[in-house]
Amino acid sequence: MSFSQGWDTGFRVILIYVGVVFVWLGLIEPSFASQSMSVILMNIVALAVSAAFVVRARDRFIAERLAAEAEVAALMQEDV
């Protein structure tokens, strides 16, 4: 993962986390009797969604790099 890919992924993770928090507080928290339990579950859900995004982004970046390396290798074979 390059610096720019890491930076972009990190920024998107922050946006995902904040988005989950807003949705949770607006739609889901009113159904909880305990606010502290709601906040704990909200943080767990937000962390899980953010971690899943990071894993998916990492897999996508690896696939892109492998495709680019294969393309370069194919071009090198044409030159020989």
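Note: hydrogens, waters and symmetry copies are ignored here, and every other heavy atom, side chains too, is used. Since the model is a prediction, treat every value here as computed from it, not as a measurement.
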Pairwise distance [atom1]([X]) to [atom2]([Y]) - rounded to 0.5 angstrom:
X   : Y   : atom1 : atom2 : result
F61 : L66 : CZ    : CG    : 13.5 Å
L41 : E29 : CG    : CD    : 10.5 Å
Q5  : E64 : CD    : CD    : 6.5 Å
T9  : R58 : OG1   : CZ    : 11.5 Å

Are [Y] and [X] co-members of a hydrophobic cluster defined by side-chain heavy atoms under 4.5 Å apart?
X   : Y   : value
Y17 : V49 : yes
I16 : F22 : no
I62 : F53 : no
V23 : L47 : yes
V54 : V18 : no

Is a donor on one side and an acceptor on the other found under 3.5 Å between the side chain of E78 and the backbone of L75?
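No, the answer is negative, given that no donor and acceptor are paired below the 3.5 Å cut-off.
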
N/O donor-acceptor pair under 3.5 Å between D8 side chain and S4 backbone
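A pair under 3.5 Å: no.
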
What pair of heavy atoms forms the shortest contact from W24 to V45, and how long is it?
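Residues W24 and V45, closest heavy atoms: CZ3-CG2, 3.9 Å.
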
If every non-hydrogen atom of P30 is compared with every non-hydrogen atom of L25, which pair is closest and at what distance?
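P30 and L25 have their closest heavy atoms at CD-O, 3.9 Å.
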
If we only count heavy atoms from C-beta on, is the F32 to V39 side-chain gap below 4.5 Å?
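Not touching, per the 4.5 Å side-chain cut-off.
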
More than 12 heavy atoms of other residues, nucleotides or ligands under 6.0 Å from CD of E69: yes or no?
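For E69, atom CD is crowded (more than 12 foreign heavy atoms under 6.0 Å).
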
